[in-house]
Visitor: 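Quick one: this structure, given as structure tokens, is what I'll be asking you about.
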Amino acid sequence: MKDIRIEKLANNLISYSVDLKENENILIEVIGEDGILLAKELVKKATEVGAKPFVNIINNDLMRVLLENSTKEQLEIWAKHDLNKMKDMDAYIGITAKNNTAEFTDIDSGKMKLYNSIYNSKVHFEERCENTKWCILRYPNNSMAQMSNMPLDKFEDFFFNVCNLDYSKMSKAMDKLVDIMKRTDKVHIKGKDIDLTFSIKGMPVYKYVGNNNIPDGEVATAPIKNSVNGYIKYNTESRQNGILFNNIYFEFKDGKIVKATANNTEEINKLLDTDEGARYIGEFAIGLNPYITKSIGDILFDEKIAGSFHFTPGEEVEENFNGNKSSIHWDIVNIQTPEYGGGEIWFDDILVRKDGKFVIDELKALNPENLI
């Protein structure tokens with residue numbers, strides 16, 4: 001029997017997320033065969049609006065072997081050809097349905113650094129993110145369900161509730177937070193193992209409501225590059241380059257991460273030494289999705305957790321945002337609900353959120369009970 005939830009999601013992705021038009025080219029990229037069900041629906045929906053769909057299917061078993069044996073020259077040729085393909089596209093939808101989230105765990109960090117700087121930077125950060133209408137998402141499979149400690153059918157229910165949320169309602173409620181953040185200079189975040197200060201004065205502020213990520217639900221800006229001082233110990237795990245990090249602790253001085261420790265301190269410092277920008281923050285964002293209340297170990301979900309924020313080493317959120325450029329963009333999440341130790345966010349010495357809930361009247365519409 002056809003799952004109408006998949007059809008609804010495909011329709012939302014084509015008509016809302018990338019707003020696909022007649023005669024436009026769209027690349028539908030699938031990482032893992034489980035995502036093919038959704039890709040088939042996307043091809044149908046794209047064709048229905050008169051667009052031209054193209055498909056790329058990536059098998060992570062093959063990708064692992066390829067990366068392990070890659071050379072700089074090979075990566076440059078690979079990037080050149082995929083960059084030319086991306087330049088032909090008006091829109092892009094990326095579906096990830098990995099069977100093993102740890103597939104790249106022990107690939108040499110030097111190989112991953114080359115891949116990120118040569119391939120990801122050129123094809124995705126510089127071309128896809130800047131010049132196409134794009135959206136990326138996961139697809140529910142046994143691997144994700146296991147990671148989330150749920151049976152597959154329960155995880156599918158959770159997934160489609162989260163992804164088919166009424167984003168237009170959320171968008172309207174976000175406007176007041178965007179306005180307040182645009183007028184804010186000093187941000188102070190306090191909590192268990194956190195004391196951070198930074199400025200967002202004059203920085204652009206964006207709301208994310210299902211256009212680039214599904215699921216979605218965050219309001220984001222970036223600190224002035226050299227303004228971050230203090231420390232943070234994140235209370236969620238985060239996977240980067242196939243390595244699972246936890247107990248991540250950063251100390252900042254004048255914007256730069258001057259000390260970094262984790263369960264794997266050596267590897268986290270290698271990652272932060274990828275390039276000069278990797279030790280500076282490219283994004284500060286507040287998570288707002290009411291259906292996501294705990295970490296499931298997948299950043300596309302975790303960064304939207306209601307009552308959370310993420311503080312991101314690496315690439316800036318938008319072009320000319322705070323001037324920080326890097327081949328990495330690592331969203332790491334801290335949750336401030338009571339179950340995770342609580343915490344506070346202050347804007348210009350005014351308490352705006354405490355223990356994950358907005359406490360000023362203008363923002364209470366964004367609390368989870370008012371968005372469901």
Side-chain angles (χ1 to χ4, degrees), residues 96-98 100-105 136-152 154-163 165 189 191-194 196 208 213-220 232-250 260-264 267-268 271 281 283-314 328-345 353-357 366-368 371-372:
T96 298
K98 298 176 181 177
N100 180 4
T101 59
E103 191 69 47
F104 297 164
T105 298
I136 58 175
L137 72 157
R138 306 296 191 245
Y139 190 80
N141 61 4
N142 278 309
S143 176
M144 284 194 72
Q146 185 177 34
M147 183 172 63
S148 307
N149 293 313
M150 297 185 199
L152 181 58
K154 298 295 183 184
F155 180 77
E156 288 176 338
D157 291 342
F158 163 75
F159 174 89
F160 287 109
N161 279 336
V162 167
C163 293
L165 176 71
I189 304 178
K192 187 173 183 291
D193 299 319
I194 306 170
L196 285 174
Y208 292 96
N213 289 170
I214 293 290
D216 218 340
E218 62 177 281
V219 172
I232 178 171
K233 185 175 183 180
Y234 297 90
N235 59 12
T236 64
E237 297 180 328
S238 184
R239 189 177 295 278
Q240 187 72 359
N241 286 354
I243 300 172
L244 183 64
F245 294 99
N246 53 56
N247 296 315
I248 299 168
Y249 174 84
F250 293 153
T261 62
N263 61 313
N264 193 329
E267 287 298 331
I268 202 170
L271 185 60
I281 295 297
E283 181 182 7
F284 161 61
I286 295 174
L288 299 163
N289 194 303
Y291 286 107
I292 311 177
T293 58
K294 64 179 182 178
S295 171
I296 68 167
D298 187 294
I299 193 57
L300 276 186
F301 287 78
D302 291 357
E303 68 178 357
K304 317 303 187 325
I305 294 169
S308 75
F309 70 90
H310 50 279
F311 209 55
T312 305
I328 72 165
H329 178 89
W330 187 10
D331 293 316
I332 318 176
V333 176
N334 195 90
I335 307 173
Q336 291 190 303
T337 56
E339 297 83 353
Y340 286 82
E344 301 173 352
I345 296 179
R353 199 180 77 176
K354 181 176 176 63
D355 296 342
K357 290 284 192 78
L366 285 172
N367 286 330
L371 288 176
I372 293 177

Visitor: Can you name the residues that form a ring-ring contact (aromatic ring centres under 6.0 Å, His included) with F284, not counting sequence neighbours?
Guide: F198

Visitor: Go through the structure and list residues passing side chain to side chain contact (heavy atoms under 4.5 Å, CB included) with N247, not counting sequence neighbours.
Guide: K233

Visitor: My understanding is that only residues two or more places apart in sequence, or in another chain, count here; which of them pass side-chain hydrogen bond (donor to acceptor under 3.5 Å, both in side chains) with N149?
Guide: none

Visitor: What are the two closest heavy atoms between S238 and I248, and how far apart are they?
Guide: CB-CD1, 4.2 Å

Visitor: Holding to side-chain hydrogen bond (donor to acceptor under 3.5 Å, both in side chains), I want the full list of residues that pass it with E344, two or more places apart in sequence or in another chain.
Guide: W346, K354

Visitor: Which side-chain N or O atoms in residues 295-302 pair as donor and acceptor under 3.5 Å with protein atoms at least two apart or in another chain?
Guide:
{"residue": "S295", "atom": "OG", "partner": "G297", "partner atom": "N", "Å": "3.4"}
{"residue": "S295", "atom": "OG", "partner": "D302", "partner atom": "OD2", "Å": "2.8"}
{"residue": "D298", "atom": "OD1", "partner": "R138", "partner atom": "NE", "Å": "3.0"}
{"residue": "D298", "atom": "OD1", "partner": "R138", "partner atom": "NH2", "Å": "3.4"}
{"residue": "D298", "atom": "OD1", "partner": "L300", "partner atom": "N", "Å": "3.1"}
{"residue": "D298", "atom": "OD2", "partner": "R138", "partner atom": "NE", "Å": "2.6"}
{"residue": "D302", "atom": "OD1", "partner": "I296", "partner atom": "N", "Å": "2.8"}
{"residue": "D302", "atom": "OD2", "partner": "G297", "partner atom": "N", "Å": "3.1"}
{"residue": "D302", "atom": "OD2", "partner": "D298", "partner atom": "N", "Å": "3.4"}

Visitor: In chain order, what residues pass the ring-ring contact (aromatic ring centres under 6.0 Å, His included) check against F155, with sequence neighbours excluded?
Guide: F158

Visitor: Apply side-chain hydrogen bond (donor to acceptor under 3.5 Å, both in side chains) to S148 and list each qualifying residue two or more places apart in sequence or on a separate chain.
Guide: none

Visitor: For the backbone of I292 and the side chain of K304, can you confirm whether one donor and one acceptor N or O come within less than 3.5 Å of each other?
Guide: no

Visitor: What residues form a ring-ring contact (aromatic ring centres under 6.0 Å, His included) with F245, not counting sequence neighbours?
Guide: W330

Visitor: Can you check whether T96 reaches I136 side chain to side chain, under 4.5 Å on heavy atoms?
Guide: no

Visitor: Is any side-chain heavy atom of H310 less than 4.5 Å from a side-chain heavy atom of E218?
Guide: yes

Visitor: Rounded to the nearest 0.5 Å, how far does CZ of R239 lie from CE of M147?
Guide: 8.0 Å

Visitor: Would you name the heavy atoms of D355 and G342 that are closest together and state the gap between them?
Guide: OD1-CA, 3.2 Å

Visitor: Go through the steps for Y291 and I372 under the test side-chain contact (heavy atoms from CB on, under 4.5 Å), then give the verdict.
Guide: CA-CA 8 Å; Y291 286 107; I372 293 177; 3.5 Å; yes

Visitor: Please determine whether the number of non-hydrogen atoms from other residues, nucleotides or ligands lying under 6.0 Å from atom CD of E339 exceeds 12.
Guide: yes

Visitor: With sequence neighbours left out, what residues match N246 under side chain to side chain contact (heavy atoms under 4.5 Å, CB included)?
Guide: E237, N263

Visitor: State, with a plain yes or no, whether a side-chain heavy atom of E267 is found less than 4.5 Å away from one of N241.
Guide: no

Visitor: What pairs with N235 under side chain to side chain contact (heavy atoms under 4.5 Å, CB included), at least two apart in sequence or on another chain?
Guide: N334, I335, Y340

Visitor: Mind checking side chain to side chain contact (heavy atoms under 4.5 Å, CB included) for T261 and listing every partner two or more places apart, or none if nothing turns up?
Guide: Y249, K259, T265

Visitor: Once side-chain hydrogen bond (donor to acceptor under 3.5 Å, both in side chains) is applied, do any residues pair with S308, and if so which ones, sequence neighbours excluded?
Guide: none

